[in-house]
Amino acid sequence: RSRRLRWGKDGERNTGLQVGYRTDRTFVTRGGHIGVMSKKDDGMELVTEIECKDGQGKAFSPSKMLLTQEDTSLLLLSSAKKSSVMRMDMNRGQIVEEYHNTLYGNDIAVNGIATATKSDPLTSA
């Protein structure tokens, strides 16, 4: 049985997906929102919806994301802030840190994010 999960704005499409390693949660980006899903016997259930806002409270749409630290942190890239990586605390649902990529005062765009080793998402460090 298929049912449609309604969240985000109408007309927006899913653009990112991260599946939890330590939890049964799945994280899906749609526009400026992150949907937190839980697996059920008959499909997926929307647990909560997080609006993406940077440290200054400005809304943004994540272009890429990476789940880390035993599913407690989500690293996000934004096409609006090409030289920044933002870290969202998944327990709070807020951006708690923002890293700027600069060299000699010049912004350098971040095109992707990845873990150093395969087991990094499973560690708390």
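Quick note: numbers below take in every heavy atom, side chains included, and nothing from hydrogens, waters or symmetry partners.
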Apply side chain to side chain donor-acceptor pair (under 3.5 Å) to the pair D71 and T23, showing each step before the final yes or no. CA-CA 7 Å; D71 304 343; T23 62; 3.1 Å; yes
Would a single hydrophobic cluster contain both [Y] and [X], if residues Ile, Leu, Val, Met, Phe, Trp and Tyr are joined by side-chain heavy-atom contacts under 4.5 Å?
X: L74; Y: M86; answer: yes
X: Y99; Y: I108; answer: no
X: V110; Y: F60; answer: no
X: M37; Y: L17; answer: yes
X: L46; Y: M44; answer: yes

Minimum side-chain heavy-atom gap [X]-[Y] below 4.5 Å:
X: N14; Y: T29; result: no
X: T72; Y: D89; result: no
X: Q69; Y: R87; result: yes
X: V36; Y: I50; result: yes
X: E98; Y: Q56; result: yes
X: R25; Y: S38; result: yes
X: M90; Y: F27; result: yes
X: M88; Y: L76; result: yes

Check against side chain to side chain contact (heavy atoms under 4.5 Å, CB included), L77 and I113: CA-CA 8 Å; L77 298 183; I113 46 180; 4.1 Å; yes
Which value, rounded to the nearest 0.5 Å, describes the distance between [X] atom [atom1] and [Y] atom [atom2]?
X: D24; Y: E45; atom1: CG; atom2: CD; value: 10.0 Å
X: M65; Y: Q18; atom1: CE; atom2: CD; value: 5.5 Å
X: N106; Y: N101; atom1: CG; atom2: CG; value: 11.0 Å

Using the side chain to side chain contact (heavy atoms under 4.5 Å, CB included) rule, take C52 and I34 through it: C-alpha gap first, then chi angles, then the decisive distance, then the call. CA-CA 7 Å; C52 296; I34 298 173; 3.6 Å; yes
For D54 and K81, what are the C-alpha separation, side-chain angles and deciding distance, and is it a salt bridge (Lys or Arg N to Asp or Glu O under 4.0 Å)? CA-CA 10 Å; D54 63 15; K81 290 185 166 187; 3.1 Å; yes
Could you tell me if H100 and S83 have a donor-acceptor pair between their side chains, going purely by distance under 3.5 Å?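 S83 vs H100: no donor-acceptor pair found between side chains.
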P62 and G31: which non-hydrogen atoms are nearest, and at how many Å?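 Closest pair (atom of P62, atom of G31, distance): CD-O, 3.5 Å.
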Short N-O contact, R30 and E12, less than 4.0 angstrom: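 No, R30 and E12 are not salt-bridged.
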With sequence neighbours excluded, residues passing side chain to side chain contact (heavy atoms under 4.5 Å, CB included) with T68: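 Partners of T68 by the side chain to side chain contact (heavy atoms under 4.5 Å, CB included) criterion, ordered by chain and then number, come out as L66, S73, L75.
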